[in-house]
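Throughout, protein chains are lettered first and strands after them, A, B, ... in sequence-line order, and every chain is numbered starting at 1. What's counted below: heavy atoms across the whole structure, side chains too, no hydrogens, waters or symmetry copies.
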2 protein chains.
Amino acid sequence: MARKITAKDVAERAGVSRSAVSRAFRSDRSLSDDKRVRVIEAARALGYVSPAAQAVASVTTGTITLVAGDLENPFYPVAAAELSQAIHAAGRRLILHTVPPDMDVDAVLQQVLDYRSDAAIVTSAHMSSRIARTCRDAGMPVILFNRVQPDAAMTAVTCDNYAGGRLAAQHFARLDRQRIAMVGGSADTSTHIERSRGFRDALTALGRPLTAAPDGAYRYDTAFAAARALFDGPNPPDAVFALNDVMALAVVDAAREAGLGVPDDVAIIGFDDIPMAAWPSYRLTTIRQPLRRMVAETLDLIDAQKADPTVGGTIRILPVEMIRRETA
Amino acid sequence: MARKITAKDVAERAGVSRSAVSRAFRSDRSLSDDKRVRVIEAARALGYVSPAAQAVASVTTGTITLVAGDLENPFYPVAAAELSQAIHAAGRRLILHTVPPDMDVDAVLQQVLDYRSDAAIVTSAHMSSRIARTCRDAGMPVILFNRVQPDAAMTAVTCDNYAGGRLAAQHFARLDRQRIAMVGGSADTSTHIERSRGFRDALTALGRPLTAAPDGAYRYDTAFAAARALFDGPNPPDAVFALNDVMALAVVDAAREAGLGVPDDVAIIGFDDIPMAAWPSYRLTTIRQPLRRMVAETLDLIDAQKADPTVGGTIRILPVEMIRRETA
DNA sequence: CCACGGATTGAAATGTTTTCAAGTCACCTC
DNA sequence: GAGGTGACTTGAAAACATTTCAATCCGTGG
């Protein structure tokens, strides 16, 4: 067997004393940053793990961390439950780190890195390329779930949001609706951008105008207010595409409150297919995200990237389907 | 300054070699259990922390672990979000461990113990007294949230489930309902036991019979089926108390499907006051759990128990109130 | 220009972990 | 039931890692 690698080897390679190596790993403040970087680089190159790191690892191996932002949108708890099940079936454990709205994902990921989780799945907002690279260097795969980020070469799993938007538009055209509106999510999310782009593109191709596109912030209350304004306005829509289901349910409620028949007076389509969409009160027509497949692909990608780090940057886009119920 | 405590001191006190002390803390399998226990006890008595333990602690201090089972019931994601916010505001971090339905809470808690979380909040099913004691010995407070367990002297925070059940019964009496039914949760949970006991006791006191009490398993689909059977049966109820909101919404849907007017033909009351209860489609009358206060009390109890371990065993019961909307 | 103080560093002292060889015990084979 | 086999434990000692300490460096203010 190859001789075991010790702190001395690392020290020699980095051109420092053994003490410095130890300090680098104990996050001792008394060590200059450049020296710490050199040591950590050398340690990586030689495959050295300090006893402290080992102790942490022994407690954290086999865990996958889910970094989630919005737990109020039922899609995420459902996704978390599904992930939890799949991860446990694979003999691993799931940890969920919630990101407070005002907090940076980067800070949380640094956390996750310190925990030496096997991998991170991120469903919340943007992360910097810097932290993405840090994670990659540390050998921790990071997978964006239901999010895409084109700038950093990020691995991601999402459904075909663009195609979903198109499906909705085509269905409204098939129903021959004339005044078609959309309730948007948050303008800076990839899901909003893709879904609305698909919807707009298809409408244009079909020669139908988009009469209104208020912002619903992916939340029930804001979407309800937006929908109410729409229905009370001068040119009420006869079709509304809400960019997620929670907002679609708000639109249904607002339509009923306005005395409009669904789907006769106004057709409504949502996105996600959360469990509530199927409830008898709503029977919402929606674009289904293939949650189970997305989860399976995510775990797949984690293993693939673990085995071969160059896999990074893949984006898996899974097909959506329209579930036609009774609101459109 | 008192001489620093080393592994040698612990070894002497425990009557073992220094090696054994090291092994005890590195979760090395090659050490008999009784010896490990002796070592850990001696270490606790002397206040010794191994470097390995320190390394793990440095990464895990400030974290509170939430052990949750059922993420499908919206009450728990909402509670998790609320907890997450409060915990972050206190400068700590929240980790969520999901418990797969077939898995033991004990095993998960052992996990959490190994992580050296500052505290654990448990919302899922029963835990053994053995693990409870282990956690207490390790100095990790465990708080049951929305659960009570009378056997082990467990610290717990819950709302006044019994009073909530009474409130529902009294309201039905006020509405002069004659055929009163209940849709139960899971018979082995403390929430089911308390809520149904309060409801039954108050009905008896008011001289009204309970005509039926099917099992709804705290889930939408089973509750929907149970309610449908109730309304299609020979003696359909004119009032239904569902032991949580998700089931209450199912009962509303089932009533509407059966062509019954709510609340005229059948009055319906839920429990929890999840956000959906307020949605215009339902406007559910329900018993509100004081979630924010429950969260605050939970964090309070964690700190109190951290400061003084004898606090263990406290049960804080917070008052509920009935939110009257339009289903009863 | 010098005294001071804090940050940084390697050598050495102090601790911890791992290896190794020996001991123990349960279980299987004959 | 004797003896063999292998897995598990164990303490001593070797190998390692961490911390202490004294020395050095460097910037700051007098």
When the distance from [atom1] of [X] to [atom2] of [N] is rounded to whole Å, what number comes out?
| X | N | atom1 | atom2 | value |
| --- | --- | --- | --- | --- |
| B:Q54 | C:dT17 | CD | C1' | 15 Å |
| B:I5 | C:dT16 | CD1 | P | 11 Å |
| B:K8 | D:dA13 | NZ | C1' | 15 Å |

Considering only heavy atoms, which members of residues 37-45 of chain A lie under 4.0 Å from some atom of DNA chain D?
->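 Here the set is empty: none.
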
[X] side chain to [Y] main-chain N or O, any donor-acceptor pair under 3.5 Å?
| X | Y | value |
| --- | --- | --- |
| A:S190 | A:V148 | yes |
| A:T6 | A:K8 | yes |
| A:S117 | A:T63 | yes |
| B:D118 | B:G62 | yes |

Is the number of heavy atoms from other residues, nucleotides or ligands under 6.0 Å of A:R18 CZ greater than 12?
->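 Atom CZ in A:R18 is not crowded, with 12 or fewer foreign heavy atoms closer than 6.0 Å.
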
Heavy atoms, side chains only, cut-off 4.5 Å: are A:V39 and A:R23 in contact?
->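 The answer is no; the side chains never approach within 4.5 Å.
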
Short side-chain N/O contact from B:Y48 to OP1 or OP2 of C:dT16, under 4.0 Å =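 Looking at the OP1 and OP2 atoms of C:dT16, one of them is under 4.0 Å from a side-chain N or O of B:Y48.
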
Using a cut-off of strictly less than 4.0 Å, decide whether A:S22 has a side-chain nitrogen or oxygen near OP1 or OP2 of D:dA17.
->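 No, no such contact exists.
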
Among the nucleotides C:dT16, D:dC16, D:dT18, which one has an atom lying closest to any side-chain atom of A:T6?
->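 Of C:dT16, D:dC16, D:dT18, D:dC16 is nearest to the side chain of A:T6.
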
Write out a two-atom table: protein N or O, nucleotide N or O from nucleotides 9-12 of chain C, distance below 3.5 Å.
residue, atom, partner, partner atom, Å
C:dT9, OP1, A:S32, OG, 3.1
C:dT9, OP1, A:K35, NZ, 3.1
C:dT9, OP2, A:S32, N, 3.1
C:dT9, OP2, A:S32, OG, 3.4
C:dT9, O5', A:K35, NZ, 3.3
C:dG10, OP2, A:S17, OG, 3.0
C:dG10, N7, A:R23, NH2, 2.9
C:dG10, O6, A:R23, NH2, 3.3
C:dA11, N6, A:S19, OG, 3.1

Measure centre to centre between the rings of B:F145 and B:Y76, then say whether the value is under 6.0 Å.
->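 B:F145 vs B:Y76: aromatic centres not under 6.0 Å.
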
Is any side-chain N of the basic residue among A:R92 and A:D303 closer than 4.0 Å to the acidic one's carboxylate O?
->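 Looking at A:R92 and A:D303, the cut-off is met.
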
